[in-house]
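All values derive from a computational prediction rather than experimental measurement. Throughout, a chain's letter reflects where its sequence line sits, starting with A, and its residues are numbered from 1.
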Amino acid sequence: MAKNFSSREEDYSKWYNDLVIKAGLAENSAVRGCMVIKPYGYAIWEKMQRALDDMFKATGHQNAYFPLFIPKSFFSKEAAHVEGFAKECAVVTHYRLKNSPDGKGVVVDEEARLEEELIIRPTSETIIWDTYRNWIQSYRDLPLLVNQWANVVRWEMRTRLFLRTAEFLWQEGHTAHATRDEAIAETEQMLRVYATFAEQWMALPVLQGIKSPNERFAGAVETYCIEALMQDGKALQAGTSHFLGQNFARAFDVKFLNKSNELEHVWATSWGVSTRLMGALVMAHSDDNGLVLPPKLAPLQVVIVPIYKKVEQLDEIAVVARSIMDDLRARGISVKFDDDDSQKPGWKFNEYEFKGVPVRLAIGPRDIENGTVEVARRDTLEKEVLQLTDIGHKIQHLLENIQDNLYQKALTFRDASTHKADSWQEFNDILDQRGGFVLAHWDGSPETEQLIKEETKATIRLIPLNAREEKGVCIRTGKPSERRVVFARAY
RNA sequence: CGGGGUAUAGCGUAGUCCGGUUAGCGCGCCUGCUUUGGGAGCAGGAGGUCGUAAGUUCGAAUCUUACUACCCCGACCA
């Protein structure tokens with residue numbers, strides 16, 4: 001399965017594509033730009049969902065579900081919003097098919113044209129705010145803290161599995177608040193939730209900050225984001241949290257009576273992460289031997305491979321394996337005993353390695369004799385022989401160790417790939433030779449950002465939260481600047 | 001959406017330029033025996049309307065046209 005697998009060095013983007021397909025995470029479908037997420041990939045997504053959903057609930061949010069279709073007229077109510085999404089909307093115009101006159105297949109029934117065309121949601125702000133108008137009358141109805149897990153469609157020109165697909169899965173939180181400060185606090189809180197999830201579950205260090213006006217969400221007052229660095233030195237936006245001000249409340253006429261009996265527009269936020277995180281996970285940790293998954297998100301955390309010649313030996317091994325499995329499962333660790341006789345151990349070693357299973361145990365006749373087990377860890381590919389005594393505890397500890405190691409490794413890589421640039425020459429050299437994050441001064445104008453993007457393909461990934469004041473001059477124009485911002489070439 | 005490329009068995013491919021036996025090979029799959037501490041060996045076997053649709057021709061995987069999908073490079077974007 002892993003034969004003919006490209007290395008990162010040879011062709012990073014082919015490596016990524018091969019890995020996603022050959023490890024059974026996803027594949028392209030019969031529909032252009034849309035992927036099929038396969039069971040192994042979906043199992044990882046389910047673990048992500050579970051962890052995030054628990055964090056949303058713990059911060060007081062509830063799940064709900066809004067329609068896939070949005071009346072076209074809703075879209076035009078918020079000017080910046082329609083401007084941002086109009087070019088990539090799928091539109092439903094008819095509701096019926098009929099047999100083709102020539103008898104071959106079916107055609108759209110032109111008589112069944114919709115009176116008002118429907119947009120397939122690229123995001124749900126409009127339908128949600130149209131709904132919230134009826135839910136909110138008083139300050140007592142606030143805050144309104146709702147999340148939905150859904151699919152959305154953005155008609156992308158060029159797609160890549162998980163990183164950019166026409167249809168993708170995500171969650172979108174939509175909250176309403178009585179005050180500006182409370183809405184901003186919510187926006188920042190959810191950004192921290194995302195950062196915590198990325199770091200503690202995905203073992204992925206992220207920068208936190210706000211987007212420049214050019215990169216801001218269509219309809220937002222401020223867009224906060226977490227940004228991660230991939231192994232090829234390109235940045236990837238891993239999550240966004242938007243302070244929407246009163247833009248959507250005004251567009252959809254959502255008002256509430258405050259304690260002084262005055263009518264006010266509510267303050268809004270929205271925030272989301274998508275199946276794009278799957279792409280980030282793959283690109284952050286995996287190597288030329290295949291996937292490397294952090295234990296907390298691995299569908300299977302431990303696999304036990306028996307090594308035997310005779311059936312009687314397998315029986316002996318199975319007894320030991322079952323006792324290890326009981327121990328691990330009692331600790332909440334997922335484990336599989338692969339006693340499939342149709343594949344040899346060597347084949348299984350490679351297979352589980354390719355699929356990124358964090359820990360592999362091998363038990364053979366020698367181990368039975370000595371009361372030992374061979375333990376192999378996926379992140380470093382190291383093997384050691386351990387006594388069976390207290391094995392559950394040792395493996396639990398090892399899994400925690402792997403989780404930490406992956407994070408540290410990614411953090412070390414990011415730190416080594418982050419550079420300051422103080423001249424235009426230096427800026428270009430870093431981008432061309434090393435990639436990574438470049439900390440540089442910018443004069444704050446959208447025009448300069450656009451110019452830099454056109455000349456270098458690098459964009460401002462974020463302006464760090466609580467950025468240290470540091471006087472300097474813009475890397476491109478030489479105009480004065482108050483602080484450094486983070487540039488990178490990005491996915 | 002513009003430029004370039006690709007499409008032959010589950011996967012990878014030969015054959016296409018220059019039309020002509022039964023479309024070949026490797027991996028995988030099925031059966032049997034031997035094997036099993038890093039992708040096993042031998043023997044036998046199954047599996048193809050050559051991406052789709054038209055056209056040219058006595059004859060099309062091969063030539064022509066259109067369409068579809070995927071890959072690379074741009075523009076756009078989570």
Side-chain angles (χ1 to χ4, degrees), chain A residues 1-6 11 13-14 16-18 21-22 27-35 83-89 104-105 122-123 152-172 194 211 214-218 223 225-228 235-242 270-280 289-290 305-311 313-314 317 338-354 360-370 372-374 376 381 383 385 453-454 457 459 461 490-491:
Chain A
M1 180 167 254
K3 286 173 185 169
N4 305 318
F5 175 52
S6 350
D11 186 342
S13 100
K14 188 171 192 299
Y16 171 79
N17 221 21
D18 284 358
I21 291 168
K22 290 179 177 170
E27 62 189 30
N28 286 304
S29 71
V31 184
R32 178 220 284 271
C34 295
M35 64 180 165
E83 167 75 21
F85 285 106
K87 286 168 295 195
E88 51 185 14
C89 284
K104 295 174 186 171
T123 180
V152 287
V153 169
R154 295 179 188 175
W155 213 260
E156 298 291 347
M157 294 302 156
R158 222 173 128 184
T159 59
R160 294 192 68 189
L161 293 168
F162 289 120
L163 298 173
R164 179 164 295 109
T165 47
E167 179 192 15
F168 57 91
L169 305 184
W170 78 345
Q171 58 70 217
E172 45 182 326
Y194 289 154
K211 286 293 187 191
N214 283 6
E215 303 276 327
R216 194 178 285 154
F217 174 74
T223 287
C225 66
I226 54 171
E227 202 79 20
L236 184 122
Q237 178 174 306
T240 49
S241 183
H242 314 291
S270 69
W271 28 274
V273 294
S274 72
T275 36
R276 180 176 238 210
L277 289 178
M278 295 286 296
N289 294 309
V305 177
I307 295 155
Y308 59 95
K309 292 184 177 162
K310 299 169 191 154
V311 183
Q313 290 175 316
L314 177 60
I317 292 165
D338 186 354
D339 59 355
D340 177 1
D341 191 42
S342 67
Q343 298 296 354
K344 291 183 63 176
W347 189 91
K348 293 177 186 176
F349 290 175
N350 282 285
E351 180 69 8
Y352 290 111
E353 222 159 78
F354 193 74
R360 180 188 72 232
L361 307 181
I363 306 173
R366 285 208 299 269
D367 298 299
I368 296 297
E369 202 168 312
N370 302 331
T372 58
V373 57
E374 182 192 81
L381 297 172
K383 290 192 283 196
V385 175
K453 183 179 177 183
E454 282 162 15
K457 291 180 186 168
T459 49
R461 299 320 302 158
Y491 277 97

**Study point:** Sequence-distant partners of A/F85, ring-ring contact (aromatic ring centres under 6.0 Å, His included), two or more places apart
**Key:** A/H81, A/F217
Review point. What residues form a ring-ring contact (aromatic ring centres under 6.0 Å, His included) with A/W170, not counting sequence neighbours?
Key: A/F168
Study note, to complete from the structure: Taking B/G37, B/G38, B/C76 as options, the one with an atom nearest any side-chain atom of A/N350 is B/G38
Same-atom distance ([atom1]) from [N] to [M], integer angstrom:
N: B/A61; M: B/C18; atom1: C1'; value: 15 Å
N: B/A75; M: B/G26; atom1: P; value: 46 Å
N: B/G51; M: B/C11; atom1: P; value: 13 Å

Tell me every residue that passes side-chain hydrogen bond (donor to acceptor under 3.5 Å, both in side chains) with [X], counting only those two or more places apart in sequence or in another chain.
X: A/D339; value: none
X: A/N370; value: none
X: A/Q237; value: A/K211

**Study point:** RNA chain B stem ranges, 3 or more consecutive Watson-Crick or G-U pairs under 3.5 angstrom
**Key:** B:1-7 with B:68-74, B:10-13 with B:24-27, B:29-34 with B:40-45, B:51-55 with B:63-67
Review point. Do the side chain of A/E353 and the base of B/G38 come within less than 3.5 angstrom through a donor-acceptor pair of N or O atoms?
Key: yes
**Study point:** Base of B/G38 paired with side chain of A/K383 (donor-acceptor, under 3.5 Å)
**Key:** yes
Review point. Excluding sequence neighbours, so at least two apart, what forms salt bridge (Lys or Arg N to Asp or Glu O under 4.0 Å) with A/E167?
Key: none
**Study point:** salt bridge (Lys or Arg N to Asp or Glu O under 4.0 Å) involving A/R160 - partner list, sequence neighbours excluded
**Key:** none
Review point. Is there a donor-acceptor pair under 3.5 Å between the side chain of A/N350 and the backbone N or O of A/W347?
Key: no
Table of protein N/O atoms under 3.5 Å from nucleotides 7-9 of chain B N/O atoms:
none

Review point. If only side-chain N and O atoms of A/R158 are considered, is one of them under 4.0 Å from the OP1 or OP2 phosphate oxygen of B/C73?
Key: yes
